[in-house]
Amino acid sequence: MSPQPRLWPGIAAVVLQWLLWFVAPRVNSDWMIAGALGGLALGLVIIAWWAFFSRIPRMERWGGLALVLIALFATRPLLDKSVATGMMGFMFWMYAIPAITLALVAWAVIAARVPNVGVRRFALVAAIVIACGAFTLLRTEGIMGDGRAQLAWRWSKSPEQKLLAQTVAPAPIPPAATETPKAVETPVSVTPAPPATSPAPVTPPVVTKVTETRVQWPGFRGPHRDSIVTGVRIDSDWTQSPPTELWRHPVGPGWSSFAVDADRIYTQEQRGDSEVVACYDLATGKPVWTHADAARFWESNGGAGPRGTPTLAAGRVYSFGATGILNALEARTGKLLWKRNPASENNVKMPGWGFSSSPLVIGDVVIVAAAGQLAAYDIRDGRPLWVGPKDGSSYSSPQLVDIDGVPQVVMMGRSGATSVSPADGKVLWKHAWAGIPILQPAIAPDGAVILAQGEENGGGAGTRRVSVSHVAEGWKSEEVWTSNGLKPYFNDLVVHNGHAFGFDGSILSCIDLRDGQRKWKGGRYGHGQMLLLADQDLLLVLSEEGELALVSAGTDKFNEVAKRPAIEGKTWNHPALAGDTLLVRNGQEMAAFRLKLAGT
C-alpha cells in the first residue's frame, strides 16, 4: 500500500509563492521585482518537494516533471510575440512557473482523494496542459512601471487597431520628391558653427517662407525642459472648481508629449505601419494635418510608437522618431522641409526601447541624441554640423544649461554625464556615474548639476549633486553627495526652493539639495509624471493610471490637495500646460482640461 502523500509543504509553499508573486506587489508596487524573484525561488522549492518529499507515486512524480518540461518548451513557439518577448524574453517563464506549480499542488490535493490511477493521470496531464496552454490565448499590451504585465485576450483588438478601424486621419503631406534637404527662411540669427566632422557639400537650398506663431509650450517638459511653470496660478479647490474637460479623442500609441503654439498642438504617434507627426486644433482636438514616415517601432514592454516629443521653433516642428528619423516640418501646414537620419548616418544601433530623444533647438542648430551620441544639424537645410562622442544606449534628451555664464549641452549616457559646447560639440567636462540613462539633468539655484541614473536591473540608482566649475586647467566636476532618498526611474524630477521632488519608485519623495536627505515620502501615483506650478508651490501630478492630483511642494510633509480622474490606461507621457489649458495623453487617448485660474 502506497504511503499517503505529504501535502502540507507544497500547500504552504504555493500559498507563500502567490502571496509574494501576486498579492505583495499590489500592497506595494515597489515589491514587484522582489515578489517575482521570490515566486520563482519558491517554484524551485515546490519542484523539489514534488520530486523528493511529496510521497506521490514515482510514475506520476517523474512523469509529471517530464510532462512539465515538454509542455513548457512546446508552448513557447505558440505564444503571441508580445508574450514571448515580454520582459526581455522572461515574461512567459515568470508567469508560467507559478501557474504550473499551482497546478501541480492543486492536482496533488485533489488526486489524494481519487483512487482510480487512470483518472488521476489524466487529470495530471490536463492540469499541466491547461496551465501552459492558457498562455497561448493571451497577448500583452506592455508592462507597467513596476513590471506588471498588461494582459489581454489574444483575439481582442488593441486600442491602436480600434483607432485605425474607426478614424480617418487627414491625408499626410506628401514627402519631398528628393531627399536633398531644403532650407527655410528663418527669423532667428544664424551664426555658422565650426563642424567637428567634415560633412559632404550640399546643393544650395531653395528658400521657403515660414509663418511663425506664438509658442506657448515649445516641447518636451516646457520652455526650459524642467517641467517648471511660472506665471500661472490655479484654483486648487477642485471640489468647487474641478478641471473642466474641453475635449477627449483617441490617439495612436506612443510616449510623446505635446508642443503647443497659439492655437495648435503637436505630438507623435503610431498609425499602423506609419510613424506620424500629428497636428491638432488646441480648442477642439480635431486633426489639422499629419506627416507620416514609413516606419514602425515596437517592443513588447513599452509597446509601439515614437518616444520623443516634437519641438517648436521659428515656425517649424522638429521631430525625432523611435527608428531614428529626424524631420523638419512647416508648423502650419506639415510640409516636409528636410529630413535626416542621425542613427544611420552615424552608425548608431537602435537601443532596446527605441530612440527616445526630443530635439533641442539652440539658435540655428537643432541637436538630437541618437541613443548616447549627440548630433547637430543646421536648422535651415539639415546640413550636419557636428557629432559628439558615443556613450552607449541612452533614453535621455540633450539639456541646455548655463554654468559660470557658459551655455552648454549636458547629456546623460551609460558612463555618466557629458557636457559639450553647442557651437561645435567640443567636450567641456564629464562626470562618471555608470547606469541606465533616462532622465534629464537639472540645475540647482546655486548652479550645481542634479543627476539621476537608472539601474541595470530596473529602477532608479538614486540622485546625485555634482559641483561643476571653470578652473585654469578647464572644467572640473566633483560629486557632492549621492542620495537614495529619491530614486527616480523614468520619471523626471523638479527642483524648487532648494529641494528636489520626484518619484522614489512609485511614491513621491522630497529631498534637501544641501545634503540629499529625504524630507518626506508619500502618495502612490505609480510611475507617473508631473509639473511644478512654482508660483504657488504646487505639484501637478499625472499618475501612471491617468489620474490628476495636486500635491503641495512644501518640505515639511506630504500633502495631497486634490485628486480626480483624467484619462484611462497606462500613462507615461509628460503633461503640458498652455495658459489655463492642461493637455494629457497616453498610448490610447488624449484630453484637454481647462484649469480655473485663481481669482477668476
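Count residues from 1 along the sequence.
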> Below 3.5 Å, can you tabulate the donor-acceptor pairs from side chains in residues 86-96 to any protein atom, sequence neighbours excluded?
{"from": "Tyr95", "atom 1": "OH", "to": "Ala149", "atom 2": "N", "distance (Å)": "3.1"}

> Grab the two heavy atoms, one from Thr136 and one from Thr75, that are nearest each other, plus how far apart they are.
CG2-CG2, 3.6 Å
> Look only at the side chain of Trp386 and the backbone of Pro422, and say whether a donor-acceptor pair between them is shorter than 3.5 Å.
yes
> Going by the rule salt bridge (charged side-chain N to carboxylate O under 4.0 Å, His left out), which residues pair with Arg248 if we only count those two or more places apart in sequence or in a different chain?
Glu245, Glu589
> Do Leu282 and Arg264 make a side-chain contact, defined as non-hydrogen atoms from C-beta onward lying under 4.5 Å apart?
no
> Yes or no on side chain to side chain contact (heavy atoms under 4.5 Å, CB included) for Asn491 and Gln529, after CA distance, side-chain angles and deciding distance?
CA-CA 6 Å; Asn491 322 95; Gln529 305 289 358; 4.0 Å; yes
> Answer yes or no: is there a side-chain heavy-atom contact under 4.5 Å between Leu439 and Met412?
no
> Checking side-chain contact (heavy atoms from CB on, under 4.5 Å) against Arg316, which of Ile379, Val361, Leu329 comes through?
Ile379
> Roughly how far, to the nearest 0.5 Å, is CZ of Phe258 from CD of Gln216?
13.5 Å
> Quick check: do Arg414 and Ile436 have side-chain heavy atoms less than 4.5 Å from each other?
yes
> Whether the side chain of Ser394 engages the backbone of Gly392 through a donor-acceptor N/O pair (distance < 3.5 Å, no angle test) should be reported.
no
> Do Lys339 side-chain atoms and Ile325 backbone N/O form a donor-acceptor pair below 3.5 Å?
no
> Can you tell me if Tyr266 uses its side chain to pair, donor with acceptor, with the backbone of Ala331 under 3.5 Å?
yes
> Decide yes or no for Phe355 and Arg307: does some side-chain heavy atom of the first lie under 4.5 Å from some side-chain heavy atom of the second?
no
> Kindly compute the distance separating CG (Leu151) from CG (Leu137), expressed to the nearest 0.5 Å.
11.5 Å
> So do the side chains of Leu542 and Leu582 get within less than 4.5 Å of each other, counting heavy atoms only?
no
> Side-chain donor-acceptor pair under 3.5 Å between Arg139 and Ser156, yes or no?
yes
> Kindly give the heavy-atom pair with the smallest separation between Trp353 and Asn301, and that separation in Å.
CH2-CB, 3.6 Å
> Is the ring pair Trp338/Tyr318 parallel, tilted or perpendicular, if the boundaries are 30 and 60 degrees?
tilted
> Provide the closest heavy-atom pair for Leu163 versus Arg271 in the form atom of the first, atom of the second, distance.
CD2-NE, 3.6 Å
> So, are Arg332 and Asp263 salt-bridged, with charged N and O less than 4.0 Å apart?
yes
> How many angstroms lie between atom CD1 of Ile265 and atom OG of Ser257, to the nearest 0.5 angstrom?
9.5 Å
> Is the number of heavy atoms from other residues, nucleotides or ligands within 6.0 Å of CD (Gln161) greater than 12?
yes
> How far does CG of Leu312 sit from CG of Asp261, to the nearest 0.5 angstrom?
5.5 Å
> Decide, yes or no, whether a salt bridge links Asp281 with Lys286 under the criterion of side-chain N to carboxylate O below 4.0 Å.
no
> Can you see which heavy atom on Gly272 is nearest to which on Glu160, and at what distance?
N-OE2, 2.8 Å
> Salt bridge (charged side-chain N to carboxylate O under 4.0 Å, His left out) with Arg564: which residues, sequence neighbours excluded?
none
> Over 60° means perpendicular and under 30° means parallel, so classify the ring planes of Trp572 and Trp255, tilted if in between.
tilted
> Do you know which of Phe490, Trp217, Phe220 makes ring-ring contact (aromatic ring centres under 6.0 Å, His included) with His574?
Phe220
> I'd like to know if the side chain of Thr571 reaches the main chain of Gly569, judged simply by a donor and an acceptor atom lying under 3.5 Å from each other, with no hydrogens or angles considered.
yes
> Give a yes or no answer on whether the side chain of Arg296 reaches the backbone of Ala294 with a donor-acceptor pair at less than 3.5 Å.
no
> So do Leu550 and Leu540 actually touch side chain to side chain, heavy atoms under 4.5 Å?
yes
> Is Arg225 salt-bridged to Asp492, going by a charged N under 4.0 Å from an acidic O?
no
> Keeping the roles fixed (side chain from Gln270, backbone from Ala295), state whether a donor-acceptor pair exists under 3.5 Å.
yes
> Taking all atoms of both residues into account, what is the closest heavy-atom pair of Val387 and Ala375, and its distance?
CG1-CB, 4.2 Å
> Taking atom types as modelled, is there a side-chain donor on Ser396 or Gln440 under 3.5 Å from an acceptor on the other?
yes
> Verify the neighbour count for atom CH2 of Trp155: are there more than 12 heavy atoms of other residues, nucleotides or ligands below 6.0 Å?
yes
> Should Leu360 and Leu400 be marked as a side chain to side chain contact (heavy atoms under 4.5 Å, CB included) after you check the CA-CA gap, both sets of side-chain angles, and the distance that decides it?
CA-CA 8 Å; Leu360 173 65; Leu400 177 64; 4.2 Å; yes
> Could you please spell out the steps behind the side chain to side chain contact (heavy atoms under 4.5 Å, CB included) verdict for Ser256 and Arg585?
CA-CA 8 Å; Ser256 177; Arg585 65 156 290 185; 4.0 Å; yes
> Check for a donor-acceptor pair, side chain of His291 on one end and backbone N or O of Cys279 on the other, with a separation under 3.5 Å.
no
> Between Arg340 and Pro384, is any pair of side-chain heavy atoms under 4.5 Å apart?
yes
> Apply side chain to side chain contact (heavy atoms under 4.5 Å, CB included) to residues Phe501 and Leu532 and explain how you reach the verdict.
CA-CA 9 Å; Phe501 300 84; Leu532 170 69; 5.7 Å; no
> How long is the straight-line distance from OH of Tyr489 back to CD of Gln453, given to the nearest 0.5 Å?
12.0 Å
> Hey, could you give me the NZ/CD distance between Lys563 and Glu547, rounded to the nearest 0.5 Å?
4.0 Å
> For residues Pro398 and Ser357, determine if any side-chain heavy atom of one lies less than 4.5 Å from a side-chain heavy atom of the other.
yes
> Looking only at non-hydrogen atoms, find the nearest pair between Ser82 and Thr140 and report the distance.
OG-N, 2.9 Å
> Quick check against the 3.5 Å criterion: does Thr311 have a side-chain atom that pairs as donor or acceptor with the backbone of Pro359?
yes
> Counting distance only, does the side-chain N/O of Asp580 pair as donor-acceptor with the main-chain N or O of Ile234 below 3.5 Å?
no
